[in-house]
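Remember, predicted model here, so these are calculated numbers, not experimental data. Index from 1, following the sequence.
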Amino acid sequence: MNVRPDYRELVEAGFAAANFICDLGIRPLDCGPGWVEAAVDIHPRHAQQNGFIHAGVQATLADHTAGVAAITLVEEGSTVLTLEFKVNLLRPALCERLLCRAEVLKAGRQVTVVEAEVFALVAGERRLFSKATVSLAVVPIPR
């Protein structure tokens with residue numbers, strides 16, 4: 001496994017430079033080689049028509065957190081782009097803050113696979129709302 005020594009800076013930059021992620025309010029919490037934790041505080045703009053947290057918010061949180069987790073293990077001069085992701089929505093989400101933990105399952109030279117869980121802490125217990133599997137292409141950073 002190729003661990004980038006500057007992985008913390010990459011994670012911070014991966015969130016700060018993504019305008020859509022900033023607009024949603026998604027931010028990093030913690031990270032290590034091959035994993036990242038992120039959060040978003042929930043506001044009315046994150047709701048769908050019935051008041052639940054929109055599936056798009058959950059999918060975006062999972063996809064972006066997975067991508068940034070993958071970046072911690074790619075060679076310098078490379079980045080990742082999502083090829084495909086599948087999100088299983090396990091129950092309607094209602095909470096004040098969504099959390100996500102993404103972990104690399106397989107770091108490849110061309111494709112990396114990451115699993116991300118979106119959950120909340122409800123009365124001190126972890127409540128899982130969705131789970132995603134994300135495949136990412138490892139590509140050169142455009143110059």
Phe15: what forms a ring-ring contact (aromatic ring centres under 6.0 Å, His included) with it, not counting sequence neighbours?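 Testing Phe15 for ring-ring contact (aromatic ring centres under 6.0 Å, His included), a comparison that skips the adjacent residues, returns His64.
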Kindly state each residue pair satisfying ring-ring contact (aromatic ring centres under 6.0 Å, His included) with at least one member in residues 104-143, sequence neighbours excluded.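 Those involving residues 104-143 do not exist here.
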Greater than 12 external heavy atoms within 6.0 Å of [X]'s [atom1]:
| X | atom1 | result |
| --- | --- | --- |
| Glu9 | CD | yes |
| Asp23 | CG | yes |
| Arg91 | CZ | yes |

Residue pair Val87 / Ala132: nearest heavy atoms and the distance that separates them: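 For Val87 and Ala132, the tightest heavy-atom pair comes out as CG2-CB, 3.9 Å.
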Shortest non-hydrogen separation from Ala39 to Leu29 and the atoms involved: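 Scanning both residues, the minimum pair turns out to be CB-CD1, 3.7 Å.
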Are [X] and [Y] in one and the same hydrophobic cluster, where Ile, Leu, Val, Met, Phe, Trp and Tyr link if side-chain heavy atoms are under 4.5 Å apart?
| X | Y | answer |
| --- | --- | --- |
| Val80 | Ile21 | no |
| Ile42 | Phe20 | yes |
| Val36 | Phe85 | no |

What's the spacing between [X] [atom1] and [Y] [atom2] if we round to 0.5 Å?
| X | Y | atom1 | atom2 | answer |
| --- | --- | --- | --- | --- |
| Asp63 | Thr65 | CG | OG1 | 8.5 Å |
| Thr112 | Leu136 | OG1 | CG | 6.5 Å |
| Ser135 | Leu81 | OG | CG | 13.0 Å |
| Ser130 | Leu61 | OG | CG | 7.5 Å |
| Glu12 | Leu10 | CD | CG | 10.5 Å |

Could you check whether any side-chain heavy atom of [X] comes within less than 4.5 Å of a side-chain heavy atom of [Y], counting everything from C-beta outward?
| X | Y | answer |
| --- | --- | --- |
| Leu73 | Pro33 | yes |
| Val113 | Val134 | no |
| Val40 | His46 | yes |
| Gln48 | Val57 | no |
| Leu98 | Gln58 | yes |
| Leu99 | Val118 | no |
| Leu128 | Glu117 | yes |
| Tyr7 | Cys31 | yes |

Under a 4.0 Å threshold between the charged nitrogen and the carboxylate oxygen, would Glu103 count as salt-bridged to Arg101?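 Answer for the salt bridge query: yes.
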I'd like to know whether Leu105 forms a side-chain contact (heavy atoms from CB on, under 4.5 Å) with Glu115, so could you lay out the CA-CA distance, the side-chain angles of the two residues, the decisive distance to 0.1 Å, and finally the verdict. CA-CA 7 Å; Leu105 298 177; Glu115 186 173 77; 3.9 Å; yes
Are the side chain of [X] and the backbone of [Y] linked by a donor-acceptor contact shorter than 3.5 Å?
| X | Y | answer |
| --- | --- | --- |
| Ser78 | Val74 | no |
| His43 | Arg45 | no |
| Thr72 | Ala69 | yes |
| Arg126 | Ala120 | no |

Decide yes or no on side-chain contact (heavy atoms from CB on, under 4.5 Å) for Val138 and Val111, but give the supporting numbers first. CA-CA 6 Å; Val138 179; Val111 175; over 6 Å; no
Members sharing Leu94's hydrophobic cluster (side chains within less than 4.5 Å):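 When side chains under 4.5 Å apart are linked, the cluster holding Leu94 also contains Phe52.
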For a side-chain contact (heavy atoms from CB on, under 4.5 Å) check, start with the C-alpha distance between Lys106 and Val114, then their side-chain angles and the critical distance, and finish with the verdict. CA-CA 7 Å; Lys106 182 192 180 297; Val114 183; over 6 Å; no
